[in-house]
Amino acid sequence: MRGSVFQAKLLHAVSFIVPMLGLALFFLYPLVLVVHRSFEQGDGSLGLGNYASVIAMSHIPGVVANSLVMSSITTAVCILLGFAIAYMLQRTTIIGQAIITLALLLPLLAPSLVQALGLLFLFGRNGLVNQATGWDMQIYGLWGLVIANSMYALPQAVMIIQASLRHSDVRYYDAAMVMGASNWRRFVDITLPNAKFGLLSAAFVVFTVTITDFGNAAVIGGDYRVLATEIYSQVVGQMNFNMGAVIGIFLLIPTGVAFYIEKVASQRQFGGGSESAIPVRRNFLATRDIPLGFVSHFTGFFLIAVVATVVYASFVQLWPYRMSFTLDNYNITTQGGYTPLWTSLLVSTQAAVIGVVLLFALVLAQRGLPRAAAKAVYLLAIVPVGVPGLVLGLSYVLSFNVGGTVMGALYGSALLIAFCNFYHYHSQGF
């Protein structure tokens, strides 16, 4: 009996200590180092010199404003469009919902730059639309970036909003109907308040993933400079890690504010769902469903067309001048060949295995902690969602690119990339 109790306590202790050590070593320590490096001046002292230097750069205020404008517009587009599609999928009987769902999966399965490439192949200076119509479409810049990022983030917004709609209770609607409330009043007084938390959560996710995304900005951003590309320019182009750290902090501030607003709002959620809730019945209302169906199907068609164009272009000899079919593009003869693909699969497998084990252990341990301690663990576990991937990646360069140390032994390995990816998505898994 004593042996089993001891084993249970030992299991609980290990389940708590190992994941917490992982968070400390692979998340908190690198993040603290980025903050420290942003204050580290050329002579080794600490001060605000780096911040003053960055602010003094004439283009930095414009870069910050560009990032905020781009992400704000993208967030508004994704929330409005995401709510319309989620409502269509969850509350209506419109045909073709499986096709819309499939279309929304495509951006999730492809890197963000695929959307940008597809837009260039379709609407760029040498795109199909330009070749067919002669229109001189300017897809580069702010609006091209907004469209590409909206495609990238829309599926995530739809899934979050659809989940909030799924948890609504039909009894609220039945009671309102008995009291004589119109369809519009039921939508305004019940649907929107119940979906408020989902909308805020979706807005936070969209804002974070778009303000920190590098792929679309690098491909279709053109002269429209944003913080993500500025960090890359400082760190990779100029090898200026201190300035990169400062810009990383600038990038961390808006996502941190968005994270705080979302969490405060979640504590005031109205009419949250419960396990005893009765799902709202699907129905058909022509004045509502015809516009929703048009918007949803057009969006789905657009997503499929953009991704399909990229797939098609991969089999074209020379886009858009020699459009004959070829498999030569898949005969990769450059140095390394298909090695990066196998490395990516290795990194993803390592991140998945390590992540499942550590997250399961942490959740198991958290459920056995006192309430105050469990809340503290929960807060620490979800904080990574507010840290941009670029900032976390930069923090790993500063933390592990140290020769002759145990930390430095991991640098340059697939395992370290796996840890970086796992802790970047730690909150979602938790």
Side-chain angles (χ1 to χ4, degrees), residues 1-33 35 156 159-160 163-164 166-167 169 194 197-198 200-202 204-205 208 252 255-256 258-277 347-387 389 392 395-396 399-400 406-407 410 415-430:
M1 182 67 178
R2 290 180 179 178
S4 60
V5 172
F6 173 77
Q7 290 176 353
K9 290 184 177 180
L10 179 62
L11 175 63
H12 185 271
V14 172
S15 298
F16 175 75
I17 293 172
V18 173
M20 294 301 289
L21 283 176
L23 274 168
L25 180 61
F26 293 103
F27 176 71
L28 290 179
Y29 169 70
L31 203 60
V32 169
L33 202 59
V35 176
Q156 302 177 63
M159 287 191 297
I160 295 171
S164 67
R166 189 179 298 120
H167 291 142
D169 195 329
N194 272 300
F197 175 54
L200 286 169
S201 297
F204 163 66
V205 170
T208 300
L252 184 61
T255 57
F259 172 74
Y260 173 76
I261 293 173
E262 189 267 339
K263 287 304 164 190
V264 170
S266 69
Q267 298 174 2
R268 304 177 182 179
Q269 167 68 356
F270 162 81
S274 66
E275 294 181 359
S276 61
V347 168
S348 299
T349 302
Q350 290 175 337
V353 173
I354 294 171
V356 167
V357 172
L358 291 181
L359 286 171
F360 180 80
L362 184 59
V363 173
L364 184 67
Q366 186 212 19
R367 294 179 66 85
L369 293 174
R371 184 175 179 82
K375 278 189 173 182
V377 170
Y378 173 80
L379 178 62
L380 180 60
I382 64 171
V383 163
V385 76
V387 178
L392 189 61
S395 73
Y396 270 52
S399 304
F400 296 96
V406 176
M407 302 285 283
L410 286 173
L415 183 61
L416 186 61
I417 303 176
F419 275 117
C420 186
N421 278 284
F422 162 55
Y423 283 102
H424 178 45
Y425 294 104
H426 186 277
S427 305
Q428 291 90 325
F430 182 83

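All heavy atoms count here, side chains included; hydrogens, waters and symmetry mates do not. Just so you know, residue 1 is the first one in the sequence shown, and it goes up from there.
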| note | Residues at least two apart in sequence or cross-chain that pass side-chain contact (heavy atoms from CB on, under 4.5 Å) with I417, listed by chain then number, are V347, N421

| said: Run the side-chain contact (heavy atoms from CB on, under 4.5 Å) test against S348 and tell me which residues pass, sequence neighbours left out. | reply: none

If you look only at distance, which donor and acceptor atoms sit under 3.5 Å apart when one is on a side chain in residues 349-367 and the other is two or more places apart or in another chain?
from: T349; atom 1: OG1; to: L345; atom 2: O; distance (Å): 2.8
from: Q366; atom 1: NE2; to: A374; atom 2: O; distance (Å): 3.1

| message | Restricting to non-hydrogen atoms, name the atom on L31 and the atom on S395 that form the minimum distance, rounded to 0.1 Å. | response | N-CB, 4.2 Å

| remark: Nearest heavy-atom contact between F26 and Y396 is O-OH, 2.6 Å

Interatomic spacing from [atom1] in [X] to [atom2] in [Y] - rounded to 0.5 Å:
X	Y	atom1	atom2	answer
S399	F27	OG	CZ	11.5 Å
M20	L28	CE	CG	8.0 Å
F400	L33	CZ	CG	9.5 Å

| Taking the six-membered ring for Trp, is the centroid-to-centroid distance between F16 and H12 below 6.0 Å? | no

| field | H426 and Y423 aromatic ring geometry - parallel, tilted or perpendicular at 30°/60° bounds | value | parallel

| message | Which label fits F430 and Y378: parallel for a plane angle under 30°, tilted from 30 to 60°, or perpendicular past 60°? | response | tilted

| field | Side-chain (S201) to main-chain (G198) donor-acceptor, under 3.5 angstrom | value | no

| message | Between S427 and A381 (side chain of the first, backbone of the second, donor and acceptor by atom type, cut-off under 3.5 Å), is there such a pair? | response | yes

| said: Before you tell me yes or no, could you show the steps for L200 and F204 under side-chain contact (heavy atoms from CB on, under 4.5 Å), namely the whole-Å CA-CA distance, both residues' side-chain angles and the distance that decides it to 0.1 Å? | reply: CA-CA 6 Å; L200 286 169; F204 163 66; over 6 Å; no

| query | Do S15 and L11 have side-chain heavy atoms sitting under 4.5 Å apart? | reply | yes

